[in-house]
Protein chains: 2
Amino acid sequence: MADLLSVAKLAGVSRATAARAFSSPDLVRPATREKVFNAAQQLAFRPNKIAQQLRSQATQMIGVMVPSLDNPVFAEQLQAMEVAARASGYSLIVTTSEYSPSREGDIVEEMLRQRVDGLVLTVAEADNSAVLNTLRLETTPCLLVYNPPGKSGFPSIGVDNRAASADATRHLITLGHERIGMVAGPLLQSDRARLRFDGYCHAMGEAGLIARSLVEMTRHTQADLKSLIPALQVPEALSAVICTNDLLAISLMGELQRAGFSVPGELSVMGFDGIALGKHLYPSLCTIEQPRAEIGRAAVHTLLAMIRGEKCTPAPLPHALRKGESVGTPTSRKSTLSTL
Amino acid sequence: MADLLSVAKLAGVSRATAARAFSSPDLVRPATREKVFNAAQQLAFRPNKIAQQLRSQATQMIGVMVPSLDNPVFAEQLQAMEVAARASGYSLIVTTSEYSPSREGDIVEEMLRQRVDGLVLTVAEADNSAVLNTLRLETTPCLLVYNPPGKSGFPSIGVDNRAASADATRHLITLGHERIGMVAGPLLQSDRARLRFDGYCHAMGEAGLIARSLVEMTRHTQADLKSLIPALQVPEALSAVICTNDLLAISLMGELQRAGFSVPGELSVMGFDGIALGKHLYPSLCTIEQPRAEIGRAAVHTLLAMIRGEKCTPAPLPHALRKGESVGTPTSRKSTLSTL
DNA sequence: TTGTATGCGTTATCAG
DNA sequence: CTGATAACGCATACAA
């Protein structure tokens, strides 16, 4: 591919002049500029970013690491990030970690070698993350997304998970629910999930209700009824559950209905995340909406500010309660699930 | 950040030797090698990919352009691509086009400047795409995904949309449906959607049934009942519909049920794509499953082969009919929607 | 306004 | 086995 030197030669100018014609067009006489542009056109010249990056010591690239793109929460955030980044002249290198520490390490190392100008990461546990500990020693700006800002010391973009979860709980309480449970993936996998459980417990206590122990599903984004049934068959059977993420909530609704169980008639189901699809289901998913697109945009803009050298301590973004048909008022009844 | 030269100095060797210690460890005496490694460690040396790329004229980067990440079909494909690429030492630059021709052009130009080793694109219309016409003149390998392989001349990964759609139609016909319609986004937006309509028409004709004219929704991935109602109120009301993508099908099911209409009791609904979520809904979505992950992996492997200089003419990947509760046998009845 | 010369961090060729 | 040196393609300080 043609390089600047060939363009310069064809245009009959020096390499420097040709370069200037592109980077500072007004520093070069119009006539000369035209000659350069013509030459460039003829040779199908295409500036080599690699060389520019090496020379300027900046890549205009952002390294992004999310747990998975199979969860629309991350995909929707990424979609917004891509648009925002491009609008600012930045490109995204996208990677997925599946929360695997070794993968996280490899990925970040790889991105640092690529000399990305900054990193946007979502890790499992911000306060206990090998990769973040490594990053602390580096100078490359790093921003967390979804992870709660905590002792990690890294700035973070996201909602206040604890407050949001409390809001969700209060919504159910306001509707008259008292026997409310929380459903999560295995081991309360992420730091966010834990905060959401905290928020739930807090709101329950605040209302003088007893928080139930967590119902743990065997998978992070797919419900299995068997794990929930015990909590539905006891005398004090649940009348509502909050799931720590929408995928879990949606599949739980499906399983419940498939088992002949009515939602919200017999069990109200809330989600957490606000993925777009939830609105279009029937019953539509009642959930806490994280502003995924806004989070994505804020992540890009905050990181760019950090790259410019600004210190950033982003405030939590507002969450919203999205009402939905999956939640109703509690019906007084015995456990109707005894037949299951 | 420390560079090779500083490492060499600290190790007391030449730059060339230091470089070799990494790239061809066996070409250098073990003792020397160790000195280099130690020095590298002390200085926290991290190889600069930019420089390597400039020098080697290869970036180990793949440029990916999908219409949107808000549709799980693309997100799921991308997830698989990322894993496959990383496993082969490649990184992904990810972009979204929203099918905007100008955005497509900018994106591809940008990626070419970045000197990606190859491109994986999904465009609106492969046979009528400005960006592909440009690319034809370039030497950078380019692979299409989901777009049917056609006159475009570019190799393509995906299923046989026409055959898949015919299979979907036959499935309904086998169940006894005769009044089958197809629901699509505006203007039969993509080349795939058109092939899917073809397949539907073909299967209908084959069975001696009359293909209905397309029901066009105002949006590509969100159903509006109003557009469908006319086809449900006529004497020969539809008993089943096939949507050109799952998002459309899922939101259509939701809208129908919300309007008090039973699925599949009064209308069977099929989707097309096979996004993961469809399985977990109730009723579960009957759909044509495109092997999204396999498509992603095949895209990466095929592109890598092309980068190696091999000529590729990938065969269509197999689709599968995923049965689901959203489809049932037709019930003889008048239009029950007259009250809407 | 334009040209000259140098360096960005590697790799690879060629001697030694 | 190791060292000196020349690219890779561009941007910029400094001269002219």
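Quick note on labels: first sequence line is chain A, next is B, and so on, each numbered from 1. Here the structure is a predicted model, which means the values were calculated and not measured.
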*Round to the nearest Å and state the distance from Lys9(B) atom NZ to dG3(D) atom P.*
14 Å

*Between Leu10(B) and Leu43(B), which heavy-atom pair has the shortest distance, and what is it?*
CD2-CG, 3.8 Å

_Closest listed nucleotide, where the reference is the side chain of Ala51(B) and the choices are dT10(C), dG3(D), dG3(C)_ = dT10(C)

*Measure from the side-chain heavy atoms of Arg15(A) and tell me the nearest of dT6(C), dG7(C), dT10(C).*
dT6(C)

*Identify which nucleotide among dT2(C), dC1(D), dG9(C) has an atom closest to any side-chain atom of Arg29(A), counting heavy atoms from C-beta outward.*
dT2(C)

_Candidates dT4(C), dC1(D), dC14(C) - which lies nearest the side chain of Arg20(B)_ = dC14(C)

*Quick one: does Asp117(A)'s side chain have a donor or acceptor within less than 3.5 Å of a partner on Ile62(A)'s backbone?*
no

*Taking only the side-chain heavy atoms of Thr17(A) (C-beta and beyond), determine which of dA4(D), dT2(C), dG9(D) contains the nearest atom.*
dT2(C)

_Sole candidate of Asp127(B), Val123(B), Asn147(B) that passes side chain to side chain contact (heavy atoms under 4.5 Å, CB included) when paired with Leu132(B)_ = Val123(B)

*Side chain Arg115(B) and base dG9(D) donor-acceptor under 3.5 Å*: no

*Asn48(A) has an atom CG; how far is it from atom C1' of dA7(D), in whole Å?*
14 Å

_Rounded to whole Å, please give me the gap between CD in Gln52(B) and P in dG9(D)._
17 Å

_Heavy atoms from C-beta onward define the side chain here; which of dA11(D), dG9(C), dC8(D) lies closest to that of Leu4(A)?_
dA11(D)

*Less than 6.0 Å separating the ring centroids of Phe37(B) and Phe45(B)?*
no

*For atom CG of Leu27(A) and atom C1' of dC14(D), their distance in whole Å*: 15 Å

*Is Glu125(B) salt-bridged to Arg194(B), cutoff N-O under 4.0 Å?*
yes

*Side-chain-base donor-acceptor pair under 3.5 Å for Arg46(A) and dG9(D)*: no

*Provide, to the nearest angstrom, the distance between the CG atom belonging to Leu5(B) and the P atom belonging to dG7(C).*
12 Å

*Scan Thr32(A) against the nucleic acid and name what it touches under 4.0 Å (heavy atoms): base, sugar-phosphate only, or nothing.*
sugar-phosphate

*Base, sugar-phosphate, or nothing: which does Phe45(B) touch, judged by heavy atoms less than 4.0 Å apart?*
sugar-phosphate

_Tell me whether the side-chain N/O atoms of Gln57(A) come closer than 4.0 Å to OP1 or OP2 in dG9(C)._
yes

_5'-most by nearest nucleotide on DNA chain D - Leu54(B) or Val13(B)_ = Val13(B)

*Nearest whole angstrom, please: distance from the C1' of dC8(C) to the CE of Met1(B).*
15 Å

_Spacing of Ile50(B) atom CD1 relative to dA11(D) atom P, expressed in whole Å_ = 14 Å

*To the nearest Å, give me how far apart NZ (Lys49(B)) and C1' (dC8(D)) are.*
16 Å

